[in-house]
Amino acid sequence: MKRLLIAAFLASASASSLADCPAPLPRDEPTIPSGSDSSAAEMARAGQDVRRYVRAMETYLDCRESLPTLQYNYLVEKAETLADAYNSELASFFGRADMLANK
């Protein structure tokens with residue numbers, strides 16, 4: 001009986017902590033355009049989308065400190081991988097021959 005009461009208390013405590021943090025898990029990863037043939041506007045828009053996604057993931061993770069370590073690390077890796085992919089395409093964008101005249 002004591003274990004049942006403890007389990008009920010922990011369940012209600014975790015439910016209330018989730019209610020305090022309404023941040024949803026970001027579902028839709030932004031699409032990263034190819035830096036080799038995208039316009040500056042497309043790269044800027046993708047950068048904003050990536051920053052928005054990473055901030056949403058950080059907010060989600062900050063609110064859910066009780067996530068299992070494996071799940072937490074997976075979500076962090078997912079956001080870092082997306083940011084790295086964008087940075088790689090951005091480097092490709094700035095390395096284009098048609099961009100050299102603008103430097």
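Values below: all heavy atoms of this structure, side chains included; hydrogens, waters and symmetry mates excluded. Just so we're clear, the structure is a prediction, and the values are computed from it rather than from any experiment.
With rounding to the nearest 0.5 Å, the separation of CD in E42 from OG1 in T31 is 11.5 Å. To the nearest 0.5 Å, the span separating CZ on F93 from CG on D37 amounts to 10.5 Å.
Residue pairs that meet the salt bridge (Lys or Arg N to Asp or Glu O under 4.0 Å) test with at least one member in residues 43-63, sequence neighbours left out, are D49-R52. Screening residues 84-93 for salt bridge (Lys or Arg N to Asp or Glu O under 4.0 Å), with sequence neighbours left out, gives no hits.
Of all non-hydrogen atoms in L75 and M57, the two that sit nearest each other are CB-SD, 3.9 Å. For the pair M43 and S38, the tightest heavy-atom approach, listed with the atom from each and the gap, is SD-CB, 3.9 Å. Minimum interatomic distance between A46 and P33 (heavy atoms only, all atoms of both residues): CB-CD, 3.4 Å. The heavy-atom pair separating L82 from P30 by the smallest distance is CD2-CD, 3.5 Å.
Counting heavy atoms from C-beta outward, Y53 and R27 have side chains that stay 4.5 Å or more apart.
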Verdict with supporting geometry, Y60 and L67, side-chain contact (heavy atoms from CB on, under 4.5 Å): CA-CA 11 Å; Y60 175 82; L67 281 177; 4.1 Å; yes

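The number of heavy-atom neighbours closer than 6.0 Å to CG of L70, taken from other residues, nucleotides and ligands shown, is 12 or below. In D28, the CG atom is not crowded: 12 or fewer heavy atoms of neighbouring residues, nucleotides or ligands sit closer than 6.0 Å.
R64 places a side-chain N or O within 3.5 Å of a backbone atom of A23 that can act as its donor or acceptor partner.
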